[in-house]
Amino acid sequence: MADDDLRDQISRVETDIEEYAITLEGCRKAMLLSKVAIAAGIAFLAAYLVGAIWLNSVAVIGAMAAVLGGVVVFGSNLTTSRQATSAMAALERHRGELIDTINLRTIGEGDQHSGSALLGGVGETRH
């Protein structure tokens with residue numbers, strides 16, 4: 001396989017990894033908002049049950065909907081984030097395998113020149 005093909009594959013894998021990272025960030029935000037909705041719904045229901053506030057039936061149903069909706073959104077995004085994390089790990093392993101197939105060499109490997117010669121004679125006096 002040519003190095004250009006490998007580099008293209010690596011580039012596509014890195015693009016996929018970035019897309020999963022964006023998905024994870026969206027899941028994190030949705031999970032945070034769902035936690036806020038759950039907490040607010042529970043707080044309103046608890047305050048209503050102890051008599052601290054008076055809510056009409058629409059407000060009580062809204063508070064229950066916030067709790068239930070928050071649980072559903074949280075669970076859905078938790079599942080999605082787990083799947084995205086798993087897919088990212090697999091892609092990162094695949095990217096590593098692709099990189100390992102490229103014939104990389106360390107700078108200075110196989111060079112007979114000294115470090116100062118590679119730097120254009122830095123530190124050497126010229127005559």
Side-chain angles (χ1 to χ4, degrees):
M1 191 177 283
D3 280 351
D4 289 338
D5 291 338
L6 284 172
R7 287 189 176 100
D8 289 341
Q9 284 183 4
I10 292 168
S11 177
R12 283 191 300 270
V13 168
E14 288 175 343
T15 300
D16 291 344
I17 290 171
E18 289 173 7
E19 289 174 5
Y20 279 117
I22 291 169
T23 299
L24 282 172
E25 183 62 23
C27 287
R28 185 192 66 77
K29 289 177 182 178
M31 288 167 56
L32 178 64
L33 287 175
S34 66
K35 287 178 183 179
V36 169
I38 292 168
I42 289 174
F44 277 112
L45 289 173
Y48 174 72
L49 290 176
V50 298
I53 60 172
W54 190 90
L55 299 174
N56 62 20
S57 58
V58 174
V60 171
I61 291 171
M64 285 191 273
V67 172
L68 292 174
V71 169
V72 170
V73 170
F74 182 83
S76 173
N77 280 282
L78 181 62
T79 300
T80 302
S81 69
R82 286 179 179 165
Q83 291 170 347
T85 301
S86 175
M88 279 179 67
L91 285 170
E92 288 171 351
R93 281 191 304 275
H94 181 61
R95 179 182 61 187
E97 292 167 359
L98 290 173
I99 290 171
D100 288 343
T101 61
I102 296 175
N103 186 16
L104 299 175
R105 70 178 181 94
T106 306
I107 295 176
E109 181 179 300
D111 252 335
Q112 299 298 329
H113 304 289
S114 69
S116 64
L118 289 175
L119 295 173
V122 174
E124 294 180 12
T125 57
R126 295 186 184 187
H127 293 75

Do Asp16 and Glu19 pass the side chain to side chain contact (heavy atoms under 4.5 Å, CB included) test, and can you show the C-alpha distance, the side-chain angles, and the key distance before you say yes or no?
CA-CA 5 Å; Asp16 291 344; Glu19 289 174 5; 4.1 Å; yes
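- Going from atom CE of Met88 over to atom CD1 of Ile17 covers 6.5 Å, rounded to the nearest 0.5 Å.
- Put simply, Val13 and Ile10 are part of the same group of oily side chains (I, L, V, M, F, W, Y) that touch within less than 4.5 Å, one to the next.
- Under a cut-off of 6.0 angstrom, the local environment of CZ in Phe74 is crowded, with over 12 non-hydrogen atoms contributed by other residues, nucleotides or ligands.
- Interatomic distance, His94 NE2 to Ile99 CD1, rounded to the nearest 0.5 Å: 10.5 Å.
- Separating the CD1 atom in Ile42 from the CE atom in Met64 is a distance of 13.0 Å, to the nearest 0.5 Å.
- No chain of hydrophobic side-chain contacts below 4.5 Å, direct or via other Ile, Leu, Val, Met, Phe, Trp or Tyr residues, connects Leu45 to Val50.
- Annotation: the span from Arg12 atom CZ to Leu91 atom CG amounts to 12.0 Å, rounded to 0.5 Å.
- In this structure, Phe44 and Ile53 approach most closely via the heavy-atom pair CD2-CD1, 3.7 Å.
- One hydrophobic cluster, built from ILVMFWY side chains closer than 4.5 Å, cannot hold both Leu49 and Trp54; they sit in different ones.
- Between the Thr101 side chain and the Leu98 main chain, a donor and an acceptor come within less than 3.5 Å of each other.
- With hydrogens and angles disregarded, a donor-acceptor distance shorter than 3.5 Å links the side chain of Ser81 to the backbone of Asn77.
- For the atom pair CD of Gln83 and OH of Tyr20, the computed distance is 9.0 Å after rounding to the nearest 0.5 Å.
- Residues Ile38 and Leu78 do not share a hydrophobic cluster, defined by chaining ILVMFWY side chains whose heavy atoms lie under 4.5 Å apart.
- Atom CZ of Arg7 and atom CD of Glu14 lie 12.0 Å apart (nearest 0.5 Å).
- Hydrophobic clustering (side-chain heavy atoms under 4.5 Å, transitive across Ile, Leu, Val, Met, Phe, Trp, Tyr) keeps Val73 apart from Val36.
- When all heavy atoms of Ser34 and Gly70 are compared, the pair lying nearest together is CB-O, 3.3 Å.
- Here Leu68 sits alone; no ILVMFWY side chain lies under 4.5 Å from its own, so it joins no hydrophobic cluster.
- Residues Ala66 and Ala37 share a closest heavy-atom pair of CB-O, 3.8 Å.
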